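Per chain, numbering begins at 1; letters A, B, ... match sequence-line order. Here the structure is a predicted model, which means the values were calculated and not measured.
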2 protein chains.
Amino acid sequence: MSGEERRRARKAATGGRPTHGPITLEDVAREAGVSRTSASRVMLGQGKVTDETRRKVWAAAERLGYVTNVIARELASGGSSTVGLLLRDAANPAYGLLFTRLQKAAHEADLTLVTLTVSDDDRGRKQVSSLHRLMGMRVAGLVVATGGVTSEQLEPFRRRIPIIRSGRPETTAAIHAVSYDEEDAARRLATHVASHGHRDVAVLVTAEPVSYPEYVRGATMAAVLAEHGVRVRPVEVSGPLDGVEQVISWAARGEITAIMCPTDTRQLHVLRAAAAAGLDVPGDVSVSGCDGVLPGADLLGLTTYRIPVEEVAQRTIRNIIRLVGDSPPDGVLQERVPGTLVPGRTVGPPPRR
Amino acid sequence: MSGEERRRARKAATGGRPTHGPITLEDVAREAGVSRTSASRVMLGQGKVTDETRRKVWAAAERLGYVTNVIARELASGGSSTVGLLLRDAANPAYGLLFTRLQKAAHEADLTLVTLTVSDDDRGRKQVSSLHRLMGMRVAGLVVATGGVTSEQLEPFRRRIPIIRSGRPETTAAIHAVSYDEEDAARRLATHVASHGHRDVAVLVTAEPVSYPEYVRGATMAAVLAEHGVRVRPVEVSGPLDGVEQVISWAARGEITAIMCPTDTRQLHVLRAAAAAGLDVPGDVSVSGCDGVLPGADLLGLTTYRIPVEEVAQRTIRNIIRLVGDSPPDGVLQERVPGTLVPGRTVGPPPRR
DNA sequence: ATGAAAGCGCTAACAC
DNA sequence: GTGTTAGCGCTTTCAT
């Protein structure tokens, strides 16, 4: 049975109008008494059409509740205008905010973002399957906001469509990236703590494979502290509560006077543990974090560094638009945006002995 | 020029292998020395194929870096297996968390969620365009987690695909919904405040069109307080800072002894203003909020109500899967999940005069 | 087990 | 301006 025959059958079976199955452009065209092409032109809003035709088609579409089949449209026209967004688990407030801002920026630029998320639990397989799915959707470009996808995994697609990494530095120099200036963050925070006179500081350093940005923060903090002549006690951590007990016990014994965390979330854990141990902050021990996106951070008096989420989001969108556009830039874009130090009540001078 | 001819031309021009344009199944089939059909069967992992054929096809696909064109696949097979998610601006921590949990639950159920977000700024038009886009993608089902799309706008699609609203109550009884039990939240919080002996309480009530759930919370709080014989001062608010100044000045003059907010975000604003006005919480005035999803809420001692985000997310996914499945439930699912009261340090007895 | 042929719903040249 | 025709890349009967 040919398509035409089937359509006729459907029509016949329901007394003059197809009911089941989605309404197609063909249905609209017939209802309006014009050809598919004309109907298509009207829906596309391009090409030459009489006002009369336009009106009839719109009316028919409205009457039938027609919705353009994006799938077919994109297949026929060869390629979508939407950009894919590969996102990390948005439970992390920093990623959640980045997600929001990316959407906002895209929206303002009249760009549609299709988001696929990948959980952390399956590093590798699933992440790649999401990547493949997005590629299979033939998106015009790709924004990658997760560390779960490595540069190598992106490599095969790099020359098919523009890819830009957002919110975290790219380790290879071949892929476009807009990221936070983690080193500036670490440097400013470390200098801030050192300038209060602390000489013995514990630093939570996230294991590199767990989170590269966090690793950079921790490692840089330790290095900068050392530059300032501070004795550093690094603690490698993976899980969210790792190392907390350790640094608190050091603080309780007076072996350190400050604790630096790579994220505010970890800072919160440390503050909780400090309170539980009867330690006053910053009377007995100073604490710092990083990210600065938590609502209420000011009320808690958190000492942190506000990452420039909005700026990174805007630049990401601006760049991906240029990249998918007709006059893409030459080299590889590697932008690094600094944020601002947020001094809080959690850092003070070390206790006198 | 026919498709075959074009392909040949492309091939010829590059010395035996097409370079530009995505690799198609046809390319893989040719490389493997089998028919498109066989290659398709292998990629689909269904139907009868020799191990030998399977091996050859996989090898060819790998070699060429083939990625299935989801667009074409879905067009040909008529329908995707993915579910669309229409999301509200995730800047709101409660929505951000819901988003995460929905993704997590979907992921665990091996369901792919395609997310489109809509900003608040354009109520109506854009929201609907996102809805249409998702419908145009011919998703198998739809999860709506934004109030920006009304029931009327969903109506035309209701019988085309299963639609379920998540995280907020549905106003009409025709659409499936899984939501927080806002009334339970308001009732428990109001009772909690009243039980501390407050007799004059200000309640921030969000305007209904701004946020229906917030409106229900506020209105119910006021009603329950009144049941307890409390004198209520309702303040209608829209923007995030609305009413804050007002209630603080009442508190400063001792006209009220407690302030109830419909969200924790508003609670934070009130706490800030109280601090700025030199008011002690809860010494001079008690404050409560709602949502309980803020990291660090415990450290701030926020009095709030934890909405059951995880539970709602899981139920949403479970239900949408049943609905798109072959044995969908009969009636309209309307589930309402209660959370838990979180007593904090921000609510105490009223000051003595 | 494998292949040939007929579309899925739409767009895009190319006539009329 | 409008219609006709030929596909987009894939799945899917239906033969073989």
With the side chain defined as heavy atoms from C-beta on, Lys48(A) is closest, among dT2(D), dG9(C), dG3(D), to dT2(D)
Q.
Taking any heavy-atom pair under 4.0 Å as a contact, classify Glu52(A): base, sugar-phosphate, or nothing.
A. nothing
Ranking dC14(D), dT2(D), dC10(C) by distance to the side chain of Arg41(B), first place goes to dC14(D)
| message | Tell me if the side-chain of Thr37(B) makes a donor-acceptor pair with the base of dA4(C), cut-off 3.5 Å, by modelled atom types. | response | yes
message = Side-chain N or O of Thr50(A) versus OP1/OP2 of dT2(D): is the shortest distance under 4.0 Å?
response = yes
| message | With a 4.0 Å cutoff (strictly under), does any side-chain N or O of Tyr66(A) reach OP1 or OP2 of dC10(C)? | response | yes
Testing dA12(C), dG3(D), dC10(D) for proximity to the side chain of Ser35(A), the answer is dG3(D)
In whole angstroms, the gap separating P of dG3(D) from CD of Glu26(A) amounts to 13 Å
From CD of Glu74(B) across to C1' of dC10(D) the rounded distance in Å is 11 Å
To the nearest angstrom, the CG-P distance between Leu75(A) and dC8(D) comes to 9 Å
Tell me whether the side-chain N/O atoms of Gln46(A) come closer than 4.0 Å to OP1 or OP2 in dT11(C). no
- Task: Would you mind classifying the nucleic acid contact of Ser38(A) as base, sugar-phosphate or nothing, using non-hydrogen atoms under 4.0 angstrom?
- Result: sugar-phosphate
Checklist line | Phosphate-side-chain proximity, Ser77(B) and dC8(C), N/O vs OP1/OP2 below 4.0 Å | finding: no
Notebook entry, point to check: Which is true for Ile71(A) with a 4.0 Å heavy-atom rule: it touches a base, it touches only sugar-phosphate, or it touches nothing?
Noted result: nothing
Per atom distances to the Leu25(A) side chain, the nearest of dT11(C), dG9(D), dT2(C) is dT11(C)
To the nearest angstrom, the CZ-C1' distance between Arg36(B) and dC14(D) comes to 16 Å
To the nearest angstrom, the CZ-C1' distance between Arg30(B) and dG3(C) comes to 16 Å
